[in-house]
Number of protein chains: 2
Amino acid sequence: MSGNVVASLSGGQGGAGTAETDLITYRFLAGRGRDRMSRAELVTLDSAMSRTRTVDPRTAIVRRGEYINVSTYLISGYICRYMDDREGHRQLVALHVPGDFVDLHAFPMKRLDHDVASLGPVEIGTYEHETLARIGTDSPHLTRMLWYSTLLDAAMHREWIFRLGRLGAVGRVAHFFCEIDARLAMVGLSEDHRFTLPLTQADLAEATGLTGVHVNRTLRRLREDGLMSFRHGAVEIADPVRLARLAEFDPDYLYGDPPAAQER
Amino acid sequence: MSGNVVASLSGGQGGAGTAETDLITYRFLAGRGRDRMSRAELVTLDSAMSRTRTVDPRTAIVRRGEYINVSTYLISGYICRYMDDREGHRQLVALHVPGDFVDLHAFPMKRLDHDVASLGPVEIGTYEHETLARIGTDSPHLTRMLWYSTLLDAAMHREWIFRLGRLGAVGRVAHFFCEIDARLAMVGLSEDHRFTLPLTQADLAEATGLTGVHVNRTLRRLREDGLMSFRHGAVEIADPVRLARLAEFDPDYLYGDPPAAQER
DNA sequence: CGGCTTGTTGACCTAATTCAACCACGGTGG
DNA sequence: CCACCGTGGTTGAATTAGGTCAACAAGCCG
């Protein structure tokens, strides 16, 4: 149960090199006050992972109501969380990028109030709650960092509430992409405001509380205005500044490290 | 002030002799798996509170961005959390009822991404983060319960996202009141689906992502359909079952104890 | 009494949904 | 190789939910 298959990505741990990329969890809280974590804590976290596995695209990972005793760390790929209404209309409530804990809240809660599924192909690592409980006893500070990471999710939830409650269609779509761009940039996956995201326009509609049709029109608008484009999962933000203004996007709520002020 | 004035209301639940109402924090996690907490832990929590104070209606308690080293427990009254957009339009992101920690997330986060303010007159207790850190070291399980309480907030955030993303005006307003009713019932403050809430229609609009005018029309509709009424802060849910159906409200996400299944 | 805030209602306007048709593309199987 | 099909994307026309603007009523308080 060392799960370090993936770690072979770049050698074993413990070594002196201290290139942090030698850890599976090297993206955890990257760019968001992870400096508050010691190297020892990162290593603890890394070795506490029980195993890794890959998941096919569009596959359920945790189902609503299910009682679980493991939590999932997202190594690569994208995962979403969602709730369906009575008629089967879906609302995304979160989208996760590499480095995120996807359902760490299941540790204190024991069951989830929503579904979790992969978007594209995904690689995940799992943590036994038993192990997390041990960390709770042995490493109060590391525990607080885990807690913190669930609170980042809550902060993003709040921003999604704001997005849905106060923005029109263009603003919502723009805000969505601004957030993802900023988050991917923190973990080194958005280069120059370009990245790929295995979403359809219909998915985007489920995230923004709009109709597929209207998302389509909205994207055209953004494209024609030279702000950004989204085609077959490829995102290109041409004018980050104007897009952010349109979205009323202020990355404060992502609690990024100050240097990330380039995002402004 | 000991706050025990309020305790004389006598919650109703709880076991035999052990009138838990002797603690200021006696409403903490009431009806939501608090049984997972020992009496000793409750006492610890209670005595860890550094001081209590009252706050006038409509008064700021924490301001966005502010770095703080205390967290707030709501003893009596109502508190809301909100974010304003560029033009000053406000979106409520949470509403707190007695027994809630209002900004416990500030403990791991150190600063808030939103504002916190009282609605009506309020009585709060404060916890030094220093003290909470000590609890983190001494009482891993109690810490997990505190973590849990912040995750309940996150679960409610998700439901608010759903509400805004997938429901129309009537559904949103209905859902809002269903949630508050259920939560108040858990802490013994909603009797027979009646309670008071110091909100104006404009506030309600800020919570549901609607216009004041439209909230007014929506309330009229709900009233005329014999579902519920809201006048001058007095809420009366006449037909909880039909209202919940209309709201697509399923209290699962509130993680109430099974016996509270009467809510269905 | 006047002056505030909150609630109420009507007339009009706009953003977004709905319904529907159609296109582009990447399989897959004959 | 092409015909076929399914998915995802694109566009138009009609409809509707909700927003905006504006006036007025009901309290409440100094």
Side-chain angles (χ1 to χ4, degrees), chain A residues 56-58 80 85 87-92 119-120 163-177 196-225 228-236 246-248, chain B residues 56-59 85 87-91 119-121 163-177 196-225 228-236 246-248:
Chain A
D56 285 338
R58 308 273 160 176
C80 69
D85 73 3
E87 292 85 39
H89 296 120
R90 180 161 298 179
Q91 177 65 46
L92 295 206
L119 286 166
R163 178 196 295 161
L164 291 168
R166 291 293 157 228
L167 301 182
V170 241
R172 288 191 208 174
V173 173
H175 190 287
F176 176 83
F177 284 110
T196 57
L197 201 58
L199 287 181
T200 66
Q201 291 186 356
D203 295 329
L204 199 47
E206 291 172 350
T208 52
L210 299 168
T211 309
V213 175
H214 203 60
V215 162
N216 181 292
R217 296 193 231 268
T218 306
L219 285 173
R220 171 154 55 100
R221 173 81 163 288
L222 290 169
R223 199 182 324 123
E224 289 173 354
D225 289 357
M228 62 159 293
S229 75
F230 175 67
R231 295 198 107 105
H232 318 294
V235 180
E236 248 186 82
L246 199 70
E248 307 212 18
Chain B
D56 286 337
R58 308 273 160 174
T59 305
D85 74 3
E87 291 85 40
H89 296 123
R90 180 162 298 181
Q91 176 65 47
L119 287 166
R163 177 196 295 161
L164 291 169
R166 291 292 157 229
L167 301 182
V170 240
R172 288 189 206 174
V173 173
H175 190 286
F176 176 83
F177 284 111
T196 57
L197 200 58
L199 288 181
T200 66
Q201 291 185 357
D203 295 329
L204 199 46
E206 292 172 350
T208 52
L210 299 169
T211 308
V213 175
H214 204 61
V215 162
N216 182 290
R217 298 193 230 269
T218 306
L219 285 172
R220 172 154 52 102
R221 172 83 162 288
L222 289 169
R223 199 183 325 123
E224 288 173 355
D225 288 359
M228 63 158 291
S229 74
F230 175 67
R231 296 197 108 104
H232 316 294
V235 180
E236 246 187 83
L246 198 70
E248 306 212 19

Can you list, pair by pair, the side-chain donor-acceptor contacts under 3.5 Å of residues 214-222 of chain A, counting residues two or more places apart and other chains?
unit_1	atom_1	unit_2	atom_2	d
A/N216	ND2	A/Q201	OE1	3.0
A/T218	OG1	A/H214	O	2.6

Run the side-chain contact (heavy atoms from CB on, under 4.5 Å) check on B/D85 and B/Q91 step by step: do they pass? CA-CA 8 Å; B/D85 74 3; B/Q91 176 65 47; over 6 Å; no

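- Taking all atoms of both residues into account, the shortest heavy-atom contact from B/G120 to B/P198 is N-CG, 3.5 Å.
- Summarising the geometry, the separation between CD on B/Q201 and C1' on C/dG7 is reported as 5 Å, rounded to the nearest angstrom.
- From one end of the helix from C/dC1-D/dG30 to C/dG30-D/dC1 to the other, with five pairs defining each end axis, the axis direction shifts by 30° (rounded to 10°).
- Between the P atom of D/dT7 and the CG atom of A/N216 lies a distance of 18 Å, rounded to the nearest Å.
- Applying the side chain to side chain contact (heavy atoms under 4.5 Å, CB included) criterion to A/P57, with sequence neighbours excluded, gives A/P121.
- Atom CZ of A/R221 is separated from atom C1' of D/dT10 by 17 Å (rounded to the nearest Å).
- Rounded to whole Å, the distance from CG on B/L204 to P on C/dT6 is 14 Å.
- Distance, A/R220 CZ to D/dG8 C1': 16 Å, rounded to whole Å.
- One interatomic measurement links the two molecules: CG of B/L219 to C1' of C/dT9, which rounds to 14 Å at whole-angstrom precision.
- Side-chain atoms of B/T211 never come within 3.5 Å of backbone atoms of B/V213 as a donor-acceptor pair (strictly under, hydrogens ignored).
- In this structure, A/R231 places its CZ atom 10 Å from P of D/dG9, rounding to the nearest Å.
- Partners of B/F176 according to the ring pair (Phe, Tyr, Trp, His ring centres under 6.0 Å) rule, which considers only residues two or more places apart in sequence or in another chain, do not exist here.
- Between the B/E236 side chain and the B/F230 main chain, no donor and acceptor come within less than 3.5 Å of each other.
- As a whole-Å value, the separation of A/E224 CD from D/dT11 P is 8 Å.
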B/S/- contact track for nucleotides 11-19 of chain C, protein heavy atom under 4.0 Å: B----BBBB

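- Residue pairs meeting the salt bridge (Lys or Arg N to Asp or Glu O under 4.0 Å) criterion with at least one partner in residues 166-176 of chain A, sequence neighbours excluded, are absent.
- Shortest non-hydrogen contact noted between B/R58 and B/L199 is NH2-CA, 4.3 Å.
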